[in-house]
> 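Supplied in structure tokens, the structure appears directly below.
In what follows, every chain begins at residue 1, and chains take the letters A, B, ... in the order their sequences are listed.
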Amino acid sequence: MSDYLTRLNPEQRAAVETVDGPLLVLAGAGTGKTRVLTTRFAHILMTRRAWPSQVLAVTFTNKAAKEMRERVSAILGQPAEGLWLGTFHALCARMLRRHAALAGLEHNFTILDTDDQMRLLKQIMVAENIDTKRWPPQALMSAIQRWKDKGLTPDRVTTAEDVDFANGRARDLYAQYQRRLKDVNAVDFGDLLMLVVEILRTNPDVLASYHRTFRYILVDEYQDTNTVQYLWLRLLAQRPAPEPQNICCVGDDDQSIYSWRGAEIENILRFERDFPGATVVRLESNYRSTRPILGAAAGLIAQNNGRMGKTLRPGRNDADGDKVRVVSLWDSEEEARMVGDRIEQGQRRGDRLSEMAILVRAGFQTRAFEERLITLGVPYRVVGGQKFYERAEIRDAMAYLRVLNQPADDLAFERIVNTPKRGLGETTIRAMHALARQEGKPLVVAAWRMIETGAIRAKPKAALHELLEGFARWREALPREGHVVVTATLLDESGYTDMWKQDKSPEAAGRLDNLKELIRAIGEFDTLAGFLEHVALVMENDENAEAERVSLMTLHAAKGLEFDTVFLPGWEEGLFPNQRALDEGGEKSLEEERRLAYVGITRARKHCIISHAANRQMYGTWSSAVPSRFLDELPEAHVEREGGAGAHRNRMASAPSAFSGQFPLVARKPRVIEAGSWEVAERPARTAAIPVGQRVFHQKFGYGRVVAAEDNKLDVEFEKAGRKRVIDTFVEKA
DNA sequence: AATCTTAGAGTTTTT
DNA sequence: CTCTAAGATT
């Protein structure tokens with residue numbers, strides 16, 4: 001028997017070997033979901049049930065797709081090529097390029113980012129004289145996205161699905177938006193799914209060809225699918241009899257936390273009805289967490305109604321461990337100190353920082369912890385946040401490349417026409433738009449025409465002419481010099497890099513570095529078009545997870561990850577569960593918040609520390625907070641409560657905390673001794689030390705001068721932020 | 001056309 | 001408090 005099967009437990013093995021017919025695998029947190037999915041994939045190939053090109057494997061994230069590809073290759077012992085393996089969006093983009101004409105598009109259509117989408121919609125609303133004060137474009141955009149999430153093209157939006165917007169004009173504006181997208185040969189993210197579903201619905205021959213191609217379908221994170229993704233899967237899976245419907249969906253209803261993005265938990269709850277004769281396999285042996293952690297998580301999630309039902313049990317023999325700690329604190333500052341202190345304690349015991357995480361409900365909560373960790377000199381990284389390809393300088397550079405690749409890309413042209421400043425203001429751009437609309441031509445064409453006819457003043461004319469000539473030159477150089485060289489030339493000659501070189505703000509240097517990184521990344525692709533597609537679909541974060549740092553992120557960002565020690569701060573009514581969620585979605589949202597709490601707890605392997613503060617600083621003012629109802633829902637047997645009186649302490653009792661800002665200095669003393677005894681020996685000697693007096697630059701604090709140095713910790717007097725203690729790797733010589 | 005000032009909003013965001 | 005987007009000013 002094949003070696004890869006023997007490494008599975010019986011339930012996992014059932015999930016892998018039930019190859020024919022619909023199968024739903026309910027995989028609890030830490031039960032080996034990815035292993036099952038990849039082994040099943042490999043099993044289908046190894047047993048010759050299908051060729052690699054006959055399996056469709058869908059994930060939500062590029063990360064998951066990449067991991068699956070790697071693990072399948074590892075089992076097969078060779079690179080997994082020619083697979084239809086990727087995210088919903090990437091696979092649909094591939095299909096849409098094949099059948100672009102059926103959607104009224106050219107095969108080289110552009111995929112717009114949210115920025116471009118909003119600008120396009122705003123333009124339409126302004127042109128239609130709609131009061132954008134009364135009717136925010138943002139609201140219409142979310143309505144359009146919801147429609148797209150449901151697979152509703154403008155003509156499919158029924159009155160029941162309509163929204164109250166600009167006196168019943170929502171549908172009309174949506175239709176116009178779609179028309180404009182076609183005009184500029186572009187699609188947005190929602191279109192990738194919706195247009196493909198529309199093609200499959202209206203072209204039976206196309207659907208039939210995919211039915212012949214895909215013999216097996218594998219879906220990851222099924223609980224997060226929205227309606228249009230569900231429709232896409234169902235269309236592809238429902239092959240005409242006698243062909244079996246070999247669709248295997250893996251998911252966990254208890255980890256459905258994206259309903260606000262259109263995910264329908266109903267999809268997973270309804271699976272057995274959608275696919276009659278379906279087999280359901282439950283993976284319940286958890287190999288990740290200790291018994292108390294699993295017990296606490298199970299007790300909490302049991303409060304939810306409408307679950308598929310599933311109980312995690314420890315899959316390891318050594319599952320005993322510390323109880324989940326619930327710590328009550330006076331205020332949010334004390335909470336940050338508590339977390340910081342425990343991180344240092346762990347560090348002293350030899351725990352790795354990369355095995356610790358602070359998971360928060362909302363992004364703004366990370367700040368308090370960042371500041372505390374900076375003061376303590378503990379290295380950290382914030383996961384999520386702004387992504388590389390979302391930064392302004394990268395988007396600008398991308399816009400230049402998009403115009404180079406597709407001159408008809410009006411949105412990209414508009415973005416860079418006056419970046420850097422060329423004296424091309426509102427008047428010129430408005431004239432360009434008017435001409436473009438009148439002639440039904442792209443902006444670039446209209447711009448050329450304006451120069452030829454002289455319908456423009458001398459100064460802007462010269463500037464515009466230089467830019468257009470530039471594009472002609474760069475485009476012409478492309479086949480000769482290659483896209484990497486041309487990109488560098490373009491950024492120089494357009495004056496774009498100069499713009500940042502002359503910028504005196506503290507971020508400018510980083511932006512120039514990012515541009516260099518962009519040019520490097522382009523080199524990894526054969527063509528410019530290939531690179532642009534990659535960027536639109538694979539917005540990877542350029543973080544090295546290897547680094548020995550504490551991770552700070554939202555609970556949403558933490559799904560799928562695991563750590564030895566997990567801190568879950570801010571369990572207070574209003575914050576978690578979040579008030580806005582409760583107001584908008586009532587009981588349903590409360591259950592989703594609870595699932596989020598469940599996701600948080602189950603990230604922990606060994607230690608889970610939950611906390612709440614009685615007073616919290618928000619938007620500059622203090623307000624008191626009631627402990628989260630979720631704290632009461634944790635089963636007492638698995639929980640140890642600490643400082644319970646803390647939440648009710650009076651000011652007198654909490655007085656010491658007002659001075660405890662000094663404590664770390666005292667507390668650090670013994671730690672230095674300990675560090676000297678063995679911890680330092682493990683760390684490689686540092687080479688490029690930063691001397692006292694050196695002027696340095698820090699991402700968060702800007703410029704400053706080093707006033708003292710101790711090991712890798714520097715005391716820096718920052719020009720703006722004042723005196724701070726930072727880790728030397730966080731600053732660079734200025 | 002570029003710069004300064006003020007008003008308003010601040011949950012989560014796999015693509 | 002702090003950031004962004006718009007309107008007002010030079």
> Can you say whether the rings of H89(A) and F189(A) are parallel (under 30°), tilted (30 to 60°) or perpendicular (over 60°)?
perpendicular

> Scan residues 220-235 of chain A for pairs that pass salt bridge (charged side-chain N to carboxylate O under 4.0 Å, His left out), counting only residues two or more places apart or in two chains.
K33(A)-D220(A), K33(A)-E221(A), E221(A)-K559(A), D224(A)-K559(A)

> So which pairs with a foot in residues 124-139 of chain A pass salt bridge (charged side-chain N to carboxylate O under 4.0 Å, His left out), sequence neighbours left out?
E128(A)-R169(A)

> Rounded to the Å, how far apart are E221(A) CD and dT13(B) C1'?
15 Å

> What integer distance in Å separates L193(A):CG from dT15(B):C1'?
9 Å

> Do the side-chain N or O atoms of N578(A) get closer than 4.0 angstrom to the phosphate oxygens (OP1, OP2) of dT12(B)?
no

> Sorted by first residue and then second, give each ring pair (Phe, Tyr, Trp, His ring centres under 6.0 Å) pair with at least one member in residues 108-132 of chain A; sequence neighbours left out.
none

> What residues, two or more places apart in sequence or in another chain, satisfy salt bridge (Lys or Arg N to Asp or Glu O under 4.0 Å) together with R580(A)?
E584(A)

> What is the separation between atom NZ on K63(A) and atom C1' on dT13(B), rounded to the nearest whole Å?
15 Å

> Centroid distance below 5.5 Å plus an interplanar angle below 30 degrees: do W260(A) and dT12(B) meet both conditions?
yes

> When you check the phosphate oxygens OP1 and OP2 of dT11(B), does a side-chain N or O of T554(A) lie under 4.0 Å from one of them?
no

> Quick check on DNA chain B: between H556(A) and R422(A), whose nearest nucleotide comes earlier from the 5' end?
R422(A)

> Apply side-chain contact (heavy atoms from CB on, under 4.5 Å) to A412(A) and list each qualifying residue two or more places apart in sequence or on a separate chain.
A399(A), R402(A), V403(A), D409(A)

> Tell me which of L537(A) and T427(A) sits closer to the 5' end of DNA chain B, going by the nucleotide each one is nearest to.
T427(A)

> Using a heavy-atom cut-off of under 4.0 Å over every strand shown, decide if Y258(A) touches base, sugar-phosphate, or nothing.
base

> What is the distance, rounded to the nearest whole Å, between atom CG of N418(A) and atom P of dT3(B)?
11 Å

> In whole angstrom, give the distance that lies between atom CZ of F364(A) and atom C1' of dG10(B).
8 Å

> Given dT13(B), dT15(B), dT11(B), which nucleotide is nearest the side-chain atoms of A557(A)?
dT13(B)

> Please work out whether the ring planes of Y174(A) and W147(A) are parallel, tilted or perpendicular, with thresholds of 30° and 60°.
parallel

> In whole Å, what is the span from the CG atom of D224(A) to the P atom of dT14(B)?
12 Å

> Any base atoms under 4.0 Å from E426(A), or only sugar-phosphate, or nothing? Heavy atoms, all strands.
sugar-phosphate

> Counting the atoms with a prime plus P, OP1 and OP2 as sugar-phosphate, which does E584(A) contact under 4.0 Å by heavy atoms, base, sugar-phosphate, or nothing?
base

> Check if the side chain of R580(A) and the base of dT11(B) share a donor-acceptor pair of N or O atoms closer than 3.5 Å.
no

> Establish, yes or no, whether a centroid distance under 6.0 Å links the rings of Y230(A) and W232(A).
no

> To the nearest Å, how far apart are L359(A) CG and dT12(B) C1'?
13 Å

> Report which part of the nucleic acid G190(A) touches: base, sugar-phosphate, or nothing (heavy-atom distance under 4.0 Å, all strands).
nothing

> What is the per-nucleotide protein-contact pattern of nucleotides 1-8 of chain C, from the 5' end, where B denotes a base atom under 4.0 Å from a protein heavy atom, S denotes such proximity for sugar-phosphate atoms only, and - denotes neither?
BS---SS-

> For a quick check of understanding: with a heavy-atom distance under 4.0 Å over all strands, which category does K559(A) fall into, base, sugar-phosphate or nothing?
nothing

> Given dT15(B), is OP1 or OP2 found less than 4.0 Å from the side-chain N or O atoms of T59(A)?
no

> I need the CG-P distance between L590(A) and dT12(B), as an integer number of Å.
19 Å

> When you get a sec, tell me which of dT12(B), dA1(B), dT14(B) is the closest nucleotide to the side chain of T428(A)?
dA1(B)

